[in-house]
Amino acid sequence: MNGVTGAELLIALPSEVRIVSLQSGTINSYWIGSQYATLRDGVRDFDGVAGNEIAMAQGGNGNLLILRPRAGYLQTINGAGTFGSSWTLVDYVNLDGVAGDEIRVRSNTNNRIYRVYPRSGTVSAE
């Protein structure tokens, strides 16, 4: 996840995520501050750069979160105006020809499918 050779361990706590580097022994904490859930198969490459990112859903507001351990930050993608605060994961795809996966979600509000581009934080309807 940090882009360096060697495995990391993801520890999901009630309001934060911790990444333990087994190679260096370091522990990095990322505060989320509310209920969240990692998405099914959500530890993967979303930006095309070495090291996986972690996709999560934030409870209560429907935000899609992308934790980027290599860069050390948490990206928030708000669905307001597009997929809304209630959505379901459809799958992961790479249809734009750029390294790194996009995330497809179905809005529970309008029953449309949206493609989320974590590299840019943009959303488009299919």
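For the single chain, residues carry numbers from 1 onward in sequence order.
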Could you check if a side-chain atom of [X] sits within less than 4.5 angstrom of a side-chain atom of [Y], using non-hydrogen atoms only?
| X | Y | value |
| --- | --- | --- |
| Glu53 | Asp45 | yes |
| Tyr114 | Thr82 | yes |
| Asn28 | Tyr30 | yes |

Could you grab the distance from atom [atom1] of [X] to atom [atom2] of [Y], nearest 0.5 Å is fine?
| X | Y | atom1 | atom2 | result |
| --- | --- | --- | --- | --- |
| Asn61 | Asn78 | CG | CG | 7.0 Å |
| Asn108 | Thr88 | CG | OG1 | 3.5 Å |
| Tyr117 | Ile77 | OH | CD1 | 12.0 Å |

* Determine, step by step, whether Val43 and Thr38 satisfy the side chain to side chain contact (heavy atoms under 4.5 Å, CB included) criterion, reporting the C-alpha distance in whole Å, the side-chain angles of both residues, the deciding distance to 0.1 Å, and the verdict. => CA-CA 8 Å; Val43 178; Thr38 57; 6.0 Å; no
* Considering only NZ, NE, NH1 and NH2 on the basic side and carboxylate oxygens on the acidic side, decide whether Arg115 and Asp96 come within less than 4.0 Å. => no
Can you tell me if [X] uses its side chain to pair, donor with acceptor, with the backbone of [Y] under 3.5 Å?
| X | Y | result |
| --- | --- | --- |
| Arg70 | Ala50 | yes |
| Ser107 | Phe83 | yes |
| Gln75 | Arg68 | no |
| Asp47 | Val49 | yes |
| Glu8 | Met1 | yes |

Which heavy-atom pair separates [X] from [Y] by the least distance, and what is that distance?
| X | Y | value |
| --- | --- | --- |
| Leu67 | Met56 | CB-CE, 3.8 Å |
| Ile54 | Pro69 | CD1-CG, 4.0 Å |
| Arg119 | Val98 | NE-CG1, 3.7 Å |
| Val20 | Ile11 | CG2-CD1, 3.8 Å |
| Glu16 | Tyr36 | O-OH, 2.9 Å |
| Asn111 | Arg106 | OD1-NH1, 3.0 Å |

Consider only side-chain heavy atoms of I, L, V, M, F, W and Y, link residues closer than 4.5 Å, and tell whether [X] and [Y] are in one cluster.
| X | Y | answer |
| --- | --- | --- |
| Leu74 | Leu13 | no |
| Leu89 | Val116 | yes |
| Ile19 | Phe46 | no |
| Leu10 | Leu65 | yes |

* Are Ile103 and Ile66 close enough, and set up right, to give a side chain to side chain contact (heavy atoms under 4.5 Å, CB included), and what steps lead you there? -> CA-CA 11 Å; Ile103 304 169; Ile66 307 293; 3.8 Å; yes
* Asked: Under 3.5 Å, is there a donor-acceptor pair linking the side chains of Gln58 and Ser34?
  -> yes
* To do: Show your reasoning for whether side chain to side chain contact (heavy atoms under 4.5 Å, CB included) applies to Arg104 and Glu126.
  => CA-CA 9 Å; Arg104 294 177 70 227; Glu126 291 190 1; 2.8 Å; yes
* Please report the C-alpha distance between Leu39 and Leu64 in whole Å, then the side-chain angles of each, then the deciding distance to 0.1 Å, and finally whether the side chain to side chain contact (heavy atoms under 4.5 Å, CB included) criterion is met. => CA-CA 9 Å; Leu39 298 183; Leu64 176 61; 3.7 Å; yes
